[in-house]
Structures are given as structure tokens and as C-alpha cells.
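Small disclaimer: the values here were computed from a predicted structure and weren't measured.
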Amino acid sequence: MKINLCPNCNSDQYIKSGVVNDRQRYKCKSCGYFFTVNKLGKRIDDYYVNKALQLYLEGLTYREIERILGISHVSIMNWVKKYNIKRPYKTDYHPTYKILNANELSKYFQNTENLSGAGVLVTELGDKFMLIKWERFRD
């Protein structure tokens with residue numbers, strides 16, 4: 001990994017100063033600060049973070065979102081905590097979801113029975129589309 005600046009004083013004057021835990025250690029010539037290069041973790045694209053949070057707000061469980069997006073349910077829980085996302089309380093509706101390609105989506109909307117009685121959200125999911133439909137709980 002390439003470093004550009006000292007994290008303490010933002011100077012670009014530094015030298016190598018040994019190895020600690022198989023990571024290169026550096027010393028800043030300007031301020032004398034010792035530092036190592038932090039390793040980069042696996043980063044998930046912001047698109048998937050937004051999709052996961054949207055699906056969470058739509059009422060899907062962590063495990064359902066995991067199956068749809070292929071992202072760990074633990075990561076999704078951590079994002080919900082990090083961004084302080086709250087679901088609406090006591091809703092009379094529950095979501096059902098389908099993953100369709102473009103042809104299946106057009107056939108779905110050609111059927112007039114699918115257009116009445118519930119709210120529908122269509123969102124892009126890679127090369128497919130996710131259709132989320134809200135239906136009332138039956139008492």
C-alpha cells in the first residue's frame with residue numbers, strides 16, 4: 001500500500017523505520033512521528049449499502065436482505081446501527097418481494113389485477129428488478 005503523507009503533520013518527508021507485525025513502519029522526518037500503513041479492509045460499494053438500508057426500511061429481515069444482495073446480515077445490522085435507521089412502528093402492511101427480469105416485469109404490469117389493492121415499489125438490483133408490494137395483514 002502506498003502512503004502519501006504523515007498522519008500526524010501531513011508532511012511528505014518520511015523514511016522507512018523497520019517492520020512490525022509484517023507491516024512496514026515509517027518515521028516522519030518533520031515531526032518524528034512513527035506510523036504504520038493501515039491495511040485496507042474489504043469495502044462494499046455504497047450502492048449496496050443504500051439498497052440494504054432501503055430494503056430494511058421496507059420491512060425485510062436481515063436474512064432476507066442477505067439472500068437478495070449477497071451481503072452478510074451482520075454487516076447490514078452494523079449499517080443500521082451506524083446510520084441510526086428506525087423502522088416505522090405498528091404498520092398494518094407487510095411487504096412481499098419478487099426479483100424479476102425486464103420481460104417478467106413488463107408481463108407483471110400488463111396484468112391489471114397486480115395494479116390494484118396495494119402499493120408497489122420497483123427498484124433496480126443489478127441487471128434485474130426487485131418488486132416490493134405491500135399487502136394488508138389479514139385479521
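- Of all the heavy atoms in Thr36 and Arg25, the pair that sits closest is CG2-CA, 4.0 Å.
- Scanning for side-chain contact (heavy atoms from CB on, under 4.5 Å) contacts around Ser30 gives Cys9, Ser11, Gln13, Cys28, with sequence neighbours left out.
- The backbone N or O of Arg23 lies less than 3.5 Å from no partner atom in the side chain of Asn21, so there is not a single donor-acceptor pair.
- Lys16 is linked by a side-chain contact (heavy atoms from CB on, under 4.5 Å) to Gln24, Tyr26, counting only residues two or more places apart in sequence or in another chain.
- Note: Asp12 CG to Lys29 NZ = 10.5 Å, rounded to the nearest 0.5 Å.
- The distance from atom CH2 of Trp79 to atom CD1 of Ile65, rounded to the nearest 0.5 Å, is 9.5 Å.
- Residues Leu100 and Val122 have side chains not in contact (no heavy-atom distance under 4.5 Å, counting atoms from C-beta outward).
- In this structure, CG on Asn101 lies 12.5 Å from CG on Leu125, to the nearest 0.5 angstrom.
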### Query
For Val49 and Tyr83, what are the C-alpha separation, side-chain angles and deciding distance, and is it a side-chain contact (heavy atoms from CB on, under 4.5 Å)?
CA-CA 11 Å; Val49 175; Tyr83 297 112; 4.2 Å; yes
### Task
Would you please test Leu69 and Ile76 for side-chain contact (heavy atoms from CB on, under 4.5 Å) and show each step?
CA-CA 10 Å; Leu69 297 179; Ile76 298 165; 5.6 Å; no
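- A pairwise comparison of heavy atoms in Lys128 and Ile99 identifies CD-CG2, 3.8 Å as the closest pair.
- Sparse packing is recorded around CZ of Arg63, with 12 or fewer heavy atoms of other residues, nucleotides or ligands lying under 6.0 Å away.
- Contact record, Val120 with Lys133: CG2-CG, 4.0 Å, taken as the closest heavy-atom pair.
- In this view, Lys27 and Ile15, Ser17, Phe34 satisfy the side-chain contact (heavy atoms from CB on, under 4.5 Å) rule, not counting sequence neighbours.
- The shortest heavy-atom contact between Tyr33 and Cys6 is CD2-SG, 4.1 Å.
- Identified under the salt bridge (charged side-chain N to carboxylate O under 4.0 Å, His left out) test for residues 44-54, with sequence neighbours left out: Arg43-Asp46.
- The NZ atom of Lys98 sits 6.0 Å away from atom CG of Asn114, with the distance rounded to the nearest 0.5 Å.
- When the ring pair (Phe, Tyr, Trp, His ring centres under 6.0 Å) test is applied to Tyr56, the partners found at least two apart in sequence or on another chain are Tyr62.
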### Task
Determine, step by step, whether Thr123 and Tyr97 satisfy the side-chain contact (heavy atoms from CB on, under 4.5 Å) criterion, reporting the C-alpha distance in whole Å, the side-chain angles of both residues, the deciding distance to 0.1 Å, and the verdict.
CA-CA 11 Å; Thr123 182; Tyr97 60 93; over 6 Å; no
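- Asn10 is linked by a side-chain contact (heavy atoms from CB on, under 4.5 Å) to Leu5, counting only residues two or more places apart in sequence or in another chain.
- What you find for Gly126 and Tyr47 is that their closest heavy atoms are N-OH, 3.6 Å.
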### Task
Step by step, work out the side-chain contact (heavy atoms from CB on, under 4.5 Å) result for Ile68 and Leu60.
CA-CA 10 Å; Ile68 293 167; Leu60 275 66; 3.6 Å; yes
